[in-house]
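What follows is a set of notes on a single structure, which appears directly below.
Residue numbering restarts at 1 for every chain, and letters A, B, ... go by the order of the sequence lines.
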2 protein chains.
Amino acid sequence: MDEKYIDALKALSEPNRLRLFWLLLHVDKRMAVAEAMDVIGDTQYNISRNLKMLYRAGLLEHHKKGKWVYYSLKAQCAPHCKALVDSVRHLPKEDFQQVMEHCILRLSLRENGECVLGADSAQWHEKIR
Amino acid sequence: MDEKYIDALKALSEPNRLRLFWLLLHVDKRMAVAEAMDVIGDTQYNISRNLKMLYRAGLLEHHKKGKWVYYSLKAQCAPHCKALVDSVRHLPKEDFQQVMEHCILRLSLRENGECVLGADSAQWHEKIR
DNA sequence: AGCACGTATGCGCAAATGTGCAACTGTGCT
DNA sequence: AGCACAGTTGCACATTTGCGCATACGTGCT
C-alpha cells in the first residue's frame, strides 16, 4: 500500500492543514511561515508543524532564503496523488473566502516579491483592521 | 468547510478502510458484510464499523436484503468528492492483488447473485486453501 | 561577538481514534 | 415460539494525534 498516499490523506483530513494546503494550492506561490501565520491566524508552532506534516506527506516543497523558509506546492507524479490534489483544488471557494482575502493582503506587504515582515507586525494589523 | 469531505479523507486514511473502499470501488458490486470479512480477513465488528464510517462519510450506500446487509458504492455529486474517489480508483492495482483474488473467489460462492454463506464457512476455507 | 528574529522540535497533556469484547437487534427457519 | 445466524452498538483500554510551552537552531544585523 502506498504509504505516502495514506500520509497525504491523513495530513489533509485535519481542517487546519487542509486550509493551509488549499492556500498554497490556490495562491500558487511560495509562502513563508510568518505569512502563513498571519493569513491562517494560527500560532507559530502549529503552522510550522502542519507545514512539515504536509511536506513529509509529499505534498509540499520548501527552501530556505535568508532567514525565511518558503513552502510551495510539490508537483505530483503518481496519478492517484494528482487526483487527490485535484480534489482539494475543486473544493468550493466560498469555504475559504477569508483565507483568500487575508492572503492577498499579506502578499501585498512583500517587497520585490520577497517577504520582509514577520508575523503579527503593526503593518499587518493596519491592513486587517 | 465541507464536513463530509473531511470525514471522507479521515475514513480513507486508515489502511483497512482504504482497502475496504478500494474493494467496493473495483468490484463495482454490492457486497455483504460477511463477504467483506472473508475477503479482507478482518473481524466482524471491525468490518461492520469501518463500513459504517465509510457510509457516514458519504462514500457508500447500504440496503438490507433478508438477513444480509449489502454495501455498495455511492455515486458522488460534488466535484471534489468525485476527484477524491478517483484518486482511490487510480491507486496501483498491485497493492491489492490478494484482496482482488479473494474477492473473485468469494463472489464465486454466491447463488443467483446472492450471498448465501456466512463468514468463515467450510466452503470458503476450501477455496483459499 | 552579541543580539534579534524566523523557524524547528522535544516534552507533557488532553482529546480523538482503533480494537476487542459482550450484549443487543432483526431476520429466516423449524 | 424458539433457535441460529447476520449485523450493530456501547464500553473499556491502548495507541495516536493535536496543542501549548519552552527551548534550541540558524541567519542577518550592528
Side-chain angles (χ1 to χ4, degrees), chain A residues 6-7 9-20 30-57 60 62-72 106 109-111 114-124, chain B residues 3 6-7 9-20 30-57 60-72 106 109-111 114-124:
Chain A
I6 300 262
D7 287 345
L9 286 170
K10 271 210 189 88
L12 294 173
S13 67
E14 215 271 315
N16 288 325
R17 277 194 297 266
L18 181 58
R19 227 188 314 274
L20 206 47
R30 63 213 180 109
M31 176 151 347
V33 176
E35 294 176 317
M37 286 171 61
D38 279 349
V39 173
I40 302 288
D42 201 355
T43 59
Q44 191 266 323
Y45 12 97
N46 282 334
I47 296 285
S48 179
R49 255 186 309 218
N50 284 334
L51 283 172
K52 177 164 198 174
M53 282 192 229
L54 291 165
Y55 166 73
R56 281 209 276 211
L60 297 181
H62 63 160
H63 69 104
K64 200 162 185 166
K65 182 149 190 182
K67 54 182 179 176
W68 312 93
V69 175
Y70 289 99
Y71 281 83
S72 56
R106 177 67 223 219
L109 290 174
R110 284 192 179 177
E111 288 177 15
E114 299 291 336
C115 174
V116 292
L117 288 174
D120 229 44
S121 64
Q123 289 93 322
W124 171 246
Chain B
E3 270 309 317
I6 299 264
D7 287 344
L9 285 171
K10 271 209 188 89
L12 294 174
S13 67
E14 215 271 316
N16 288 325
R17 278 195 296 268
L18 181 58
R19 229 190 311 275
L20 207 46
R30 60 211 183 112
M31 176 150 347
V33 177
E35 295 176 316
M37 286 171 62
D38 279 348
V39 173
I40 301 287
D42 201 356
T43 60
Q44 194 267 323
Y45 13 94
N46 280 334
I47 295 285
S48 178
R49 256 186 308 218
N50 284 334
L51 283 171
K52 177 164 199 173
M53 280 192 228
L54 290 165
Y55 165 74
R56 281 208 277 210
L60 298 182
E61 294 178 335
H62 62 162
H63 69 104
K64 200 163 186 165
K65 182 148 190 181
K67 56 182 178 177
W68 311 93
V69 175
Y70 289 98
Y71 281 83
S72 56
R106 177 68 223 218
L109 291 173
R110 285 192 178 176
E111 289 177 16
E114 297 292 337
C115 175
V116 291
L117 289 174
D120 229 44
S121 65
Q123 290 92 322
W124 170 246

List every contact pair, protein side and nucleotides 1-6 of chain C side both N or O, where the distance is under 3.5 Å.
{"unit_1": "C:dG6", "atom_1": "OP1", "unit_2": "A:Gly118", "atom_2": "N", "d": "3.3"}

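Here the CZ atom belonging to A:Arg17 is positioned 11.5 Å from the CG atom belonging to A:Leu60, to the nearest 0.5 angstrom.
Summarising the geometry, the separation between CE on A:Met31 and P on C:dT7 is reported as 12 Å, rounded to the nearest angstrom. For the pair B:Leu54 CG and D:dT8 C1', the interatomic distance rounds to 16 Å; values are reported in whole Å. Regarding B:Met37, its CE atom lies at a distance of 13 Å from the P atom of D:dC5, rounded to whole Å. Remark: C1' of C:dT17 and CG of B:Leu18 are 17 Å apart, rounded to the nearest angstrom. Computed from coordinates, the B:Asp120 CG to D:dA6 P distance equals 10 Å when rounded to whole Å. Taking atom CH2 on B:Trp124 and atom C1' on D:dC5, their separation rounds to 19 Å, with Å as the unit. The nearest whole Å value for the distance from the NE2 atom in A:His63 to the P atom in D:dT27 is 15 Å. Going from atom CD1 of B:Ile6 over to atom P of C:dA16 covers 15 Å, rounded to whole Å.
Side chain of A:Asp38 to main chain of A:Asp120: a donor-acceptor pair is present (N/O by atom type, distance under 3.5 Å, no hydrogens or angles).
For A:Tyr55, the OH atom is loosely surrounded, since the number of other residues' heavy atoms within 6.0 Å does not exceed 12.
A heavy atom closer than 4.0 Å to some atom of DNA chain C occurs in B:Tyr45, B:Asn46, B:Arg49, B:Met53, these being the qualifying members of residues 44-53 of chain B.
Applying the salt bridge (Lys or Arg N to Asp or Glu O under 4.0 Å) rule to pairs touching residues 47-57 of chain B yields nothing, sequence neighbours excluded.
Among the protein residues, A:Tyr55 comes within range of no part of the nucleic acid, since none of its heavy atoms lies under 4.0 Å from any strand. At a threshold of 4.0 angstrom between heavy atoms, the contacts of A:Tyr70 with the nucleic acid are absent.
Every residue meeting the salt bridge (charged side-chain N to carboxylate O under 4.0 Å, His left out) condition with B:Arg110, not counting sequence neighbours, appears here in chain and number order: B:Glu35. Judged as a ring-ring contact (aromatic ring centres under 6.0 Å, His included), and not counting sequence neighbours, A:Tyr45 has no contacts. Residues meeting the side chain to side chain donor-acceptor pair (under 3.5 Å) test with A:Ser72, sequence neighbours left out: none. Listed by chain and residue number, nothing satisfies the side chain to side chain donor-acceptor pair (under 3.5 Å) test with B:Ser121 (two or more places apart in sequence, or in another chain). For A:Lys65, the side chain to side chain donor-acceptor pair (under 3.5 Å) partners at least two apart in sequence or on another chain are A:Glu114. Scanning for ring-ring contact (aromatic ring centres under 6.0 Å, His included) contacts around A:Trp68 gives an empty result, with sequence neighbours left out. For the side chain to side chain donor-acceptor pair (under 3.5 Å) test, no residue two or more places apart in sequence or in another chain qualifies with A:Asp7.
For D:dA6, neither phosphate oxygen OP1 nor OP2 lies less than 4.0 angstrom from any side-chain nitrogen or oxygen of B:Tyr71.
Remark on the helix from C:dA1-D:dT30 to C:dT30-D:dA1: inter-end axis angle 20°, axes from five-pair C1' superpositions, rounded to 10°.
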